[in-house]
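The structure appears right after this line, and notes come after that.
As the structure is a prediction and not an experimental result, all values here were calculated from the model. Each ligand, and each atom within it, is numbered from 1 in the order the structure gives.
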Amino acid sequence: MLNTTNLSYSIEGKTILKDINFSLEPNTITCVLGPNGAGKTTLLKQICGLSKVEKGTITIDNKNISKMNENQRACEIAYVPQKASSLPSFTVRDFILQASYSHQEGQTFPPLDDLLSICELNTIQNQTLSTLSGGEMQRTLFASALYQASPLILLDEVTAGLDPAHHDSICQLIQQTRESHKLTYLWVTHDINRALMYADRILILKNGELIFDDNPQSLKDGRFLSQVFDKQFKVLTDDEGQKYLI
Ligand SMILES: Nc1ncnc2c1ncn2[C@@H]1O[C@H](COP(=O)(O)OP(=O)(O)OP(=O)(O)O)[C@@H](O)[C@H]1O
């Protein structure tokens, strides 16, 4: 559904992304890993149109995203940023509701009360955004992306700052909604173990280059990741045989 072809991007003469080529299959979870500063957020911003594509192309279902207006893009792509840059003085409920502005006639989206409930936001639905804790804000941004009802969701470290229980529940929600709403996720994360557990596919960026694009299997022994992150990973196996890198 999504294709990038020879995508390159620089800021003030510094190359941030170099010739990135990949495509996403519909209804899959793809995690993007890589060291700090590798270009992961920049890649998401290029895809969702927050920064202008300078070199190369990005298409979604063969439509060039650079030729779409904001509303057309919002019908195709939802974006959950690492941090909300400015907060409107909306309540949680109203903020999520406004994500429906791009809905087209006949488009179905999850009922709002169900969404508030599964994202555990019902008790704080009338609080204004500025009063939310970091984790509550992350869950609100995620709920709003789901309510936007776009087929592709870009997640930038959506679980950062969540307590362990909410961390698990967002990961499960990603997996469940991929099935139930036929969503495609492109998910930037530093949580390597969850990425290996949930992703159908992993992309690894380093110094702006795409250096790995495959299913997670070959990464599970930690050897390639040790090179990528310049850190020696060990493999631990729990009682149920699940392997973890530490
Ligand atoms: N507006 C800007 N001006 C100058 N440099 C920038 C700007 N925005 C991003 N960069 C640089 O681009 C590089 C990639 O940044 P990006 O935020 O995409 O990295 P990242 O892989 O998401 O990192 P992290 O894991 O730390 O979130 C970094 O070196 C960053 O300093």
Side-chain angles (χ1 to χ4, degrees), residues 2-24 29-58 60 65-66 70 73 77-87 134-135 137-142 145 152-162 166-167 170-171 174 184-199 201-214 216 219 222 224-233 244-246:
L2 181 87
N3 271 282
T4 73
T5 310
N6 300 331
L7 183 69
S8 297
Y9 186 71
S10 16
I11 301 174
E12 292 164 8
K14 179 179 164 193
T15 304
I16 313 289
L17 295 175
K18 289 179 209 159
D19 270 334
I20 307 287
N21 292 285
F22 71 92
S23 51
L24 297 185
I29 297 173
T30 299
C31 284
V32 187
L33 302 176
N36 291 137
K40 303 178 298 295
T41 296
T42 306
L43 175 65
L44 295 194
K45 286 183 174 171
Q46 286 269 282
I47 295 170
C48 72
L50 276 180
S51 60
K52 195 165 176 279
V53 174
E54 292 171 342
K55 193 158 171 276
T57 48
I58 304 175
I60 186 156
I65 62 132
S66 301
E70 281 182 13
R73 262 201 307 264
I77 307 169
Y79 172 55
V80 179
Q82 214 167 344
K83 280 197 185 96
S85 47
S86 60
L87 298 175
M137 190 64 214
Q138 284 306 97
R139 300 203 317 274
T140 301
L141 291 171
F142 182 64
L152 172 63
I153 300 192
L154 312 180
L155 302 173
D156 199 351
E157 296 184 36
V158 67
T159 53
L162 295 185
H166 284 113
H167 196 139
I170 291 281
C171 291
I174 291 168
T184 304
Y185 281 100
L186 184 61
W187 175 10
V188 167
T189 179
H190 285 295
D191 187 341
I192 291 172
N193 286 306
R194 291 249 182 25
L196 297 179
M197 208 180 290
Y198 288 99
R201 182 125 156 264
I202 305 270
L203 305 179
I204 300 180
L205 282 179
K206 190 166 183 179
N207 299 326
E209 292 185 64
L210 185 59
I211 59 166
F212 182 91
D213 174 2
D214 205 345
L219 297 174
F224 187 70
L225 288 168
S226 296
Q227 289 172 31
V228 171
F229 289 97
D230 203 14
K231 169 209 148 70
Q232 211 49 45
F233 284 100
Y244 296 92
L245 297 181
I246 57 159

Which option, K45, K206, K14, owns the non-hydrogen atom nearest atom 29 (O) of ligand 1?
K14
If you have a sec, work out which protein heavy atom is nearest atom 14 (C) of ligand 1 and how many Å separate them, to one decimal?
G37 O, 3.4 Å
Within ligand 1, which atoms have a heavy atom of H190 less than 4.0 Å away?
25 (O)
So does R201 pair up with D214, basic N to acidic O under 4.0 Å?
no
Do D156 and T41 get their side chains close enough for a donor-acceptor pair, meaning under 3.5 Å?
yes
Pairs of nitrogen or oxygen atoms closer than 3.5 Å, one from I16 and one from ligand 1: do any exist?
no
Determine whether the side chain, the backbone, both or neither of N36 has a heavy atom under 4.0 Å from any heavy atom of ligand 1.
both
F212 vs F224 aromatic rings, parallel, tilted or perpendicular, using cut-offs 30° and 60°?
tilted
Throw together a table of side-chain donor-acceptor distances under 3.5 angstrom for residues 47-54, partners on residues two or more places apart or in other chains.
from: S51; atom 1: OG; to: Q46; atom 2: NE2; distance (Å): 3.0
from: E54; atom 1: OE1; to: S10; atom 2: N; distance (Å): 3.4

Test your reading of the model: is there a side-chain donor-acceptor pair from T4 to the backbone of I20, 3.5 Å cut-off?
yes
Report yes or no: does K206 contribute a side-chain atom to a donor-acceptor pair with the main-chain N or O of V228 at less than 3.5 Å?
yes
E12 contact mode with ligand 1 (heavy-atom cut-off under 4.0 Å):
neither
Enumerated ligand 1 atoms positioned under 4.0 Å from heavy atoms of G39:
14 (C), 18 (O), 19 (O), 20 (P), 21 (O)
Counting only heavy atoms, which portion of T41 has something under 4.0 Å from ligand 1: side chain, backbone, both, or neither?
both
Below 3.5 Å, N or O to N or O, backbone or side chain included: is there any such pair between G34 and ligand 1?
no
Looking only at non-hydrogen atoms, the one of Q82, Q46, K40 nearest atom 25 (O) of ligand 1 is K40
protein heavy-atom neighbour closest to atom 1 (N) of ligand 1 works out as I11 CD1, 4.0 Å
Heavy atoms, side chains only, cut-off 4.5 Å: are L203 and L186 in contact?
yes
Residue pair Y244 / L196, side-chain heavy-atom distance below 4.5 Å:
no
Atom 16 (P) of ligand 1: the protein heavy-atom neighbour that sits closest, reported with distance to 0.1 Å
T42 OG1, 3.6 Å
If I compare all heavy atoms of T189 with all of A195, which pair ends up nearest, and what's the gap?
CG2-CB, 4.0 Å
If you measure every N or O of A38 against every N or O of ligand 1, does any of those distances drop under 3.5 Å?
yes
